[in-house]
Amino acid sequence: MKFLRVLLFTGVMFGLGYFAASRWLFPAAADPTDVDFTEVPDLTGTPLAEAERQLAALGFAALERGRLSHAGIAAGAVVAQNPLPGQTTQTGDTVFLTTSAGVETRVVPDLAGLPTADAATLLSRLGFEIDIEDVEDTPAAGAIRTEPEAGARLTLPASVRLFVSRGRAIVTVPDLRGRHVDDLEAVLEEVELRLGAVRYQADARDVQGRVVFQSPEPGSHLRGDGLVSVIVAGTPPDPPPDTVSRMERQDGEIGWTFRDC
């Protein structure tokens with residue numbers, strides 16, 4: 001009889017110990033199928049407050065995590081979400097929302113005279129798409145103009161056409177030394193250069209009217225339409241007679257006046 005009582009007591013204690021261990025020390029793993037999943041609705045274009053209300057009604061939390069400029073969706077409305085529309089997720093999860101900052105505008109800057117690379121970089125940093133078009137027969141290299149023109153305000157995304165020039169071709173400066181000053185313009189015109197300053201050196205031993213020095217030097221390289229200056233032996237020629245007239249001043253003295261040819 002005593003043995004039975006000991007056996008009964010041992011069984012009861014074992015059962016209580018097992019129950020306590022299984023309940024608190026080693027609980028059974030939760031059933032992964034015992035979870036509620038809900039489909040996330042499409043909130044694109046929905047104002048933020050309304051999107052939060054819809055998500056709360058489905059058991060989700062909502063969190064705005066950024067704004068993005070958008071030309072087609074009003075400011076404050078949803079433009080993107082995670083999870084995506086139609087995906088299912090566990091009830092109670094957070095749905096992250098990106099809202100619209102509305103339309104974004106930029107003013108086309110005045111780029112005339114800037115190097116082509118600098119002009120293109122500036123347009124790109126302003127958010128414009130760029131279409132570069134070469135313009136021929138312009139003296140200066142670089143940006144010429146834009147289309148739309150400088151000062152126009154555009155809604156992004158927008159494209160700007162940038163008209164640029166490579167400038168005139170590089171030419172070799174001819175040797176003008178020893179040539180007569182009257183021939184210089186024709187010689188330079190053949191290589192698309194122009195005659196610059198002409199100075200005279202009275203004490204030069206060379207023949208009157210001949211070039212004794214030029215700048216840039218012969219063989220140098222200039223962009224087309226560049227200027228070549230010279231120093232000519234002798235003194236400047238007298239102006240043509242028809243450019244000078246005798247004039248009597250009011251005080252009775254005689255003076256001279258020069259007329260434009």
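On a predicted model such as this, the values are computed, not experimentally measured, just so you know. Numbers here are sequence positions counted from 1.
The main-chain N or O of Pro47 is never found under 3.5 Å from a side-chain atom of Glu50 such that the two would form a donor-acceptor pair. In this structure a side-chain-to-backbone donor-acceptor pair under 3.5 Å is missing from Glu39 to Pro85. When atom types are taken as modelled, the side chain of Arg65 and the backbone of Leu97 share no donor-acceptor pair closer than 3.5 angstrom. No donor-acceptor pair closer than 3.5 Å links the side chain of Ser124 to the backbone N or O of Thr121.
Glu64 and Thr99 share a donor-acceptor pair across their side chains, judged by distance under 3.5 Å alone. Between Thr91 and Thr38, the side chains place a donor N or O and an acceptor N or O closer than 3.5 Å (distance only, hydrogens not considered).
Heavy-atom minimum distance, Pro174 versus Val187: CG-CG1, 4.3 Å. In terms of heavy-atom proximity, Ala75 sits nearest to Ala101 at CB-C, 4.1 Å. Scanning both residues, Ala233 and Val207, for their nearest heavy atoms gives CB-O, 3.5 Å. Taking both residues in full, the closest heavy atoms of Leu222 and Pro216 are given as CD1-CG, 3.9 Å, listed atom of the first, atom of the second, then distance. Across all non-hydrogen atoms, the minimal contact from Leu55 to Ala62 is CD1-CB, 3.6 Å. Nearest heavy atom pair, residue Phe128 against residue Val107, reads CE1-O, 4.1 Å.
In this structure, Ile132 CD1 and Phe163 CZ are separated by 11.5 Å, a value rounded to the nearest 0.5 Å. Remark: Ser159 OG to Leu123 CG distance equals 9.5 Å, nearest 0.5 Å. Taken from CD in Glu129 to CZ in Arg161, the straight-line distance is 13.0 Å, to the nearest 0.5 Å. Interatomic distance, Tyr200 OH to Thr235 OG1, rounded to the nearest 0.5 Å: 8.5 Å. The structure places CG of Leu184 at 10.0 Å from CZ of Arg210, a figure rounded to the nearest 0.5 Å. Considering OG1 of Thr98 and CD1 of Ile73, their distance stands at 11.0 Å, rounded to 0.5 Å.
Counting heavy atoms of neighbouring residues, nucleotides and ligands inside a 6.0 Å radius, atom CD of Glu149 does not exceed 12 of them. Around CD of Glu192, the count of heavy atoms belonging to other residues, nucleotides or ligands within 6.0 Å does not exceed 12. At most 12 heavy atoms of other shown residues, nucleotides or ligands fall within 6.0 angstrom of atom CZ in Arg166. Around CD of Glu147, the count of heavy atoms belonging to other residues, nucleotides or ligands within 6.0 Å exceeds 12.
Listed by first and then second residue, the salt bridge (charged side-chain N to carboxylate O under 4.0 Å, His left out) pairs that reach into residues 105-122 are Glu104-Arg106, sequence neighbours excluded.
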For this session: Test Ile231 against Val211 for side-chain contact (heavy atoms from CB on, under 4.5 Å), laying out the working first.
Result: CA-CA 6 Å; Ile231 296 178; Val211 175; over 6 Å; no
